[in-house]
Chemist: 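Sharing a structure here in C-alpha cells format.
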Amino acid sequence: MSKGLTSRNEDYSQWYNELVTKADLAEHSAVRGCMVIKPYGYSIWEGMQAFLDKRFKETGHSNAYFPLFIPKSFFSKEASHVEGFATECAVVTHYRLKNDGNGNIIVDEDAKLEEELIVRPTSETIIWNTYRGWIQSYRDLPILVNQWSNVVRWEMRTRLFLRTTEFLWQEGHTAHATKQEAIEETERMLDVYADFAENVMAVPVIRGKKTETERFAGALDTYCIEALMQDGKALQAGTSHFLGQNFAKAFDVKFTNKEGKLDHVWATSWGVSTRLVGALIMAHSDDSGLVLPPKLAPIQVVIVPIHRSDEEFEKISAVANELISKLKSRNISVKYDDRDTQRPGFKFAEYELKGVPVRLAMGGRDLENGTIEIARRDTREKQTISRENLDEYIEKLLEEIQLSIYNKALNFRNENIREANCYDEFKQILDEKGGFIFAHWDGTVETEKKIKEETKATIRCIPLDNKQEEGVCIVTGKPSTQRVLFARAY
RNA sequence: CGGGAUGUAGCGUAGCCCGGUAUCGCGCCACAUUUGGGAUGUGGAGGCCGCAGGUUCGAAUCCUGCCAUCCCGACCA
C-alpha cells in the first residue's frame with residue numbers, strides 16, 4: 001500500500017486514476033482499453049447488480065441470455081443503428097489458428113467465415129431477430145426481458161470504469177402491443193434507474209430526454225439520468241430508449257392485435273453499465289480515498305483491535321465477536337481485522353482509502369471503560385462512545401451516513417446549476433465554474449453543434465418536468481419556450 | 001486515428017545526450033523491539049532495463065518497427 005493520493009485540486013484525472021488502482025478496484029489489463037476488475041471493485045458492481053436485478057424482477061422482468069456474436073447482416077437492417085455503431089465494432093473473421101511451420105501461431109486463412117460476426121456493442125438486432133419467432137399475437141405480449149452481459153465498443157480513448165473497450169452492463173429489451181405501453185415502460189425503467197442512483201448510490205440525478213443529436217442510434221426518444229461529478233462535469237448514468245416500431249420493422253416482427261389486424265410491435269431498451277462504479281467514485285470520494293455509501297459498501301463496518309499483549313487481544317476479540325454476531329443479525333457486513341502483521345495506523349489509512357463507512361477501534365482503555373472508538377468515513381469524525389446498544393447505534397449511523405452522503409452530493413449539485421442568459425455568460429460559467437447550465441436554445445441541430453464545437457458543452461437533456469418560459473436562444477436570439485440543460489460531460 | 005510525453009524490481013525513480021549488463025527510496029523476506037493515526041533497528045532476497053529486430057567485440061544507452069499508458073484533439077448513446 002503506497003502512501004499519498006494526488007489531490008482533486010491538483011489533478012482531478014490523476015486523482016481518479018490513482019484512486020481506482022490504489023483502492024484495489026481495477027487495473028489495466030494486457031489488452032488495450034480493457035480492464036481487470038479486481039475483487040473489491042467487482043463486489044461493488046455485484047452490489048449494484050443485486051439492487052437492480054431485484055427491481056427489474058419487481059417490475060415484471062425476467063433475465064435471459066443472447067449470443068455474444070451478431071451476424072454482420074443484422075446490422076444493416078436498421079439504418080440509423082448501423083450508422084451509430086459501425087465505427088466501433090470488433091469483428092470476428094476466422095475461426096481457427098494454425099502453426100506456420102516456424103513455430104508461430106497464425107490465423108488459418110482457410111478458416112474464413114462465410115459471414116463475419118460482430119462482437120455485440122448492444123443486442124437490439126440479435127434480440128429482435130429472435131423476438132420475431134416469439135410473437136404472433138397480442139397474447140404473446142408484452143415481452144419483458146433483461147440480459148446481464150458484456151459488450152464491446154472499440155473506443156478511441158478509454159478510462160477505467162468510465163469508458164472501456166469491453167464493459168459489463170445490463171440491457172433490458174421489451175416488446176409491447178401499443179405505443180402508449182412502450183412509452184410507459186421506457187419511463188418506468190428510467191424511474192427505476194433514477195431511484196437506484198439517488199437512494200442506493202446516493203447520487204442525485206436529473207431525469208430528461210436527449211435531443212435528436214444525442215439520441216440512441218435507432219431510437220425515437222432517449223430518456224436519461226444525468227449526474228454531476230465533483231469536477232463540475234456531467235456524467236450520463238443511465239439511458240432508457242423508446243424505440244418505436246423501428247426494430248420491429250427492420251426485423252419484420254408483427255403481431256395480430258385485438259381487432260384482428262396485423263401491426264408491428266413496439267419496443268424499448270434500457271441499460272446501465274460498470275460506468276456507474278466510476279460515477280460512484282467520482283461523486284463522493286475525497287483526497288483520502290473512496291467514500292462509499294453504506295448500501296453499496298462491500299464492508300460496512302470494520303473493527304480494528306489495539307492490544308499490547310496476547311491476553312489483551314483475547315479479551316478484545318471476545319467483545320468484538322459478540323458485537324460482530326449482533327451486527328450480522330442486523331444484516332450489517334462487518335470485518336474484524338485481527339491481522340497482527342499491520343499496525344493500527346496502517347489499517348486506519350487503508351480502510352479510509354477503501355471507503356469503509358464505519359470504523360471501530362478497541363483497545364485496553366475501551367475494555368476497561370466499556371467504550372469503543374467510532375469513526376465515520378464520510379465526515380472523518382471520530383468519537384469514543386459507550387458500547388451499550390452499539391449494534392443499534394451503528395445501524396442508525398449507517399442510515400444517517402447514506403443520507404448525509406446524498407445530501408452533500410445534492411447540495412453540491414444544486415449549487416452548481418446556474419442559468420445563463422447570453423452566450424458570453426454561458427462561456428464564462430463553463431470556464432470558471434463548470435457544472436450544469438440552464439439556457440435557452442432555439443431547438444436546432446446547427447446551434448447545438450455550434451455550441452459543442454465552440455465550448456465543448458453539450459445538451460445533457462431536456463428535463464422531464466421542465467419549467468416552460470419565454471426566452472431567446474443564447475446564440476441565435478431566436479424565440480425559445482424553455483431552458484435546456486447544458487454541461488461539459490464525460 | 002493525429003500531436004505530445006512516458007515505459008528500468010511489486011510501486012516510484014537515477015543512469016541514456018557521451019555504449020562496458022544498473023542507482024536510490026518505498027514495499028517484500030528473516031529476527032528483535034514495537035502496536036490508541038501509515039513503527040524502528042540489523043541482516044537479506046528480488047532485474048529477459050516494455051517487446052522484436054538491427055548496428056557493435058559489447059546495447060538500458062544508438063537505429064528501425066511494434067505494444068502499452070498518460071495528456072491534448074478527433075471519435076463516442
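Throughout, a chain's letter reflects where its sequence line sits, starting with A, and its residues are numbered from 1. If you're wondering where the values come from, they're calculated on a predicted model, not measured in any experiment.
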Chemist: Taking side chain to side chain donor-acceptor pair (under 3.5 Å) as the criterion, tell me which of A:Thr174, A:Thr59, A:Asn63 meets it with A:Asn146.
Modeler: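 The passing option is A:Asn63.
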Chemist: Check whether the side chain of A:Lys382 and the base of B:G37 form a donor-acceptor pair under 3.5 Å.
Modeler: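 Side chain to base: pair present.
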Chemist: On the six-membered ring of A:Phe74, is A:Lys77 placed so that its NZ or CZ lies under 6.0 angstrom from the centre and within 45° of the ring axis?
Modeler: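 Yes.
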Chemist: Using the ring centroid of each side chain, check whether A:Tyr223 and A:His241 are separated by less than 6.0 Å.
Modeler: no
Chemist: Can you check whether A:His307 has a side-chain N or O nearer than 4.0 Å to OP1 or OP2 of B:G36?
Modeler: no
Chemist: Given the C1' atoms of B:C67 and B:G50, what is the spacing between them in whole Å?
Modeler: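 8 Å, rounded to whole Å.
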Chemist: Against the six-membered ring of A:Phe216, is A:Lys210 placed for a cation-pi contact (under 6.0 Å from the centre, within 45° of the normal)?
Modeler: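 Here A:Lys210 fails the 6.0 Å and 45° test against A:Phe216.
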Chemist: Counting only distance, no hydrogens or angles, is the base of B:G37 paired donor-acceptor with the side chain of A:Glu373 under 3.5 Å?
Modeler: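 Per atom types, no contact qualifies.
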Chemist: How many Å lie between CZ on A:Arg157 and C1' on B:C71, as a whole number?
Modeler: 7 Å
Chemist: Report yes or no: is the cationic atom of A:Arg460 (NZ for Lys, CZ for Arg) closer than 6.0 Å to the six-membered ring centre of A:Phe486, at no more than 45° off its axis?
Modeler: no
Chemist: If I take atom CZ in residue A:Arg32 and atom P in nucleotide B:C66, what distance separates them, rounded to the nearest angstrom?
Modeler: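 Rounding to the nearest Å, CZ of A:Arg32 and P of B:C66 are 13 Å apart.
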Chemist: Ring of A:Tyr423, cation from A:Lys427 - is the NZ or CZ under 6.0 Å from the centre and inside 45° of the axis?
Modeler: yes
Chemist: Tell me whether the side-chain N/O atoms of A:Arg308 come closer than 4.0 Å to OP1 or OP2 in B:G36.
Modeler: no
Chemist: OP1 or OP2 of B:C71 less than 4.0 angstrom from a side-chain nitrogen or oxygen of A:Ser13, does that happen here?
Modeler: yes
Chemist: Roughly how far apart, to the nearest Å, are B:G65 and B:C26 at atom P?
Modeler: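 After rounding to an integer number of Å, I get 40 Å for this pair.
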Chemist: Of the nucleotides B:G36, B:C1, B:G38, which has the atom closest to the A:Met156 side chain?
Modeler: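 For A:Met156, the side-chain atoms sit closest to B:C1.
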Chemist: Expressed in whole Å, how much space separates the C1' atoms belonging to B:A52 and B:A68?
Modeler: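 Taking atom C1' in both B:A52 and B:A68, they lie 15 Å apart.
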Chemist: My understanding is that a pair needs two contacts under 3.5 Å, Watson-Crick or G-U wobble. By that rule, which nucleotide pairs with B:U21?
Modeler: none
Chemist: Distance check needed: B:G73 P versus A:Lys452 NZ, whole Å only.
Modeler: 13 Å
Chemist: Could you measure between the two C1' atoms, the one in B:A14 and the one in B:U6, and give it in whole Å?
Modeler: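 One C1' to the other, the span is 16 Å.
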Chemist: Verify side chain to side chain donor-acceptor pair (under 3.5 Å) between A:Glu27 and A:Ser29, making sure each step is shown before the conclusion.
Modeler: CA-CA 6 Å; A:Glu27 63 188 35; A:Ser29 71; over 6 Å; no
Chemist: Closest approach to the side chain of A:Arg359, judged atom by atom: which nucleotide of B:G73, B:C70, B:G37 is it?
Modeler: B:G37
Chemist: I need a per-nucleotide contact map over nucleotides 2-7 of chain B, read 5' to 3'. Cutoff is protein heavy atoms under 4.0 Å; write B for the base, S for backbone only, - otherwise.
Modeler: ------
Chemist: Compare the minimum distances between each of B:G36, B:C75, B:G38 and the side chain of A:Glu155, then state the nucleotide with the smallest one.
Modeler: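 The answer is B:C75, which lies nearest to the side chain.
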Chemist: Classify the side chain of A:Arg163 and the base of B:C76 as holding, or not holding, a donor-acceptor pair under 3.5 Å.
Modeler: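 Yes, a donor-acceptor pair under 3.5 Å.
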Chemist: Given the side-chain rings of A:His173 and A:Phe66, with only the six-membered ring counted for Trp, is the space between their centroids under 6.0 Å?
Modeler: no
Chemist: Side chain to side chain donor-acceptor pair (under 3.5 Å) for A:Asp231 and A:Tyr16? Distances and angles first, verdict last.
Modeler: CA-CA 11 Å; A:Asp231 63 345; A:Tyr16 176 81; over 6 Å; no
Chemist: Using nucleotides 28-34 of chain B, report all nitrogen or oxygen pairs with the protein that are shorter than 3.5 Å.
Modeler:
unit_1	atom_1	unit_2	atom_2	d
B:U34	O2	A:Arg343	NH1	3.1

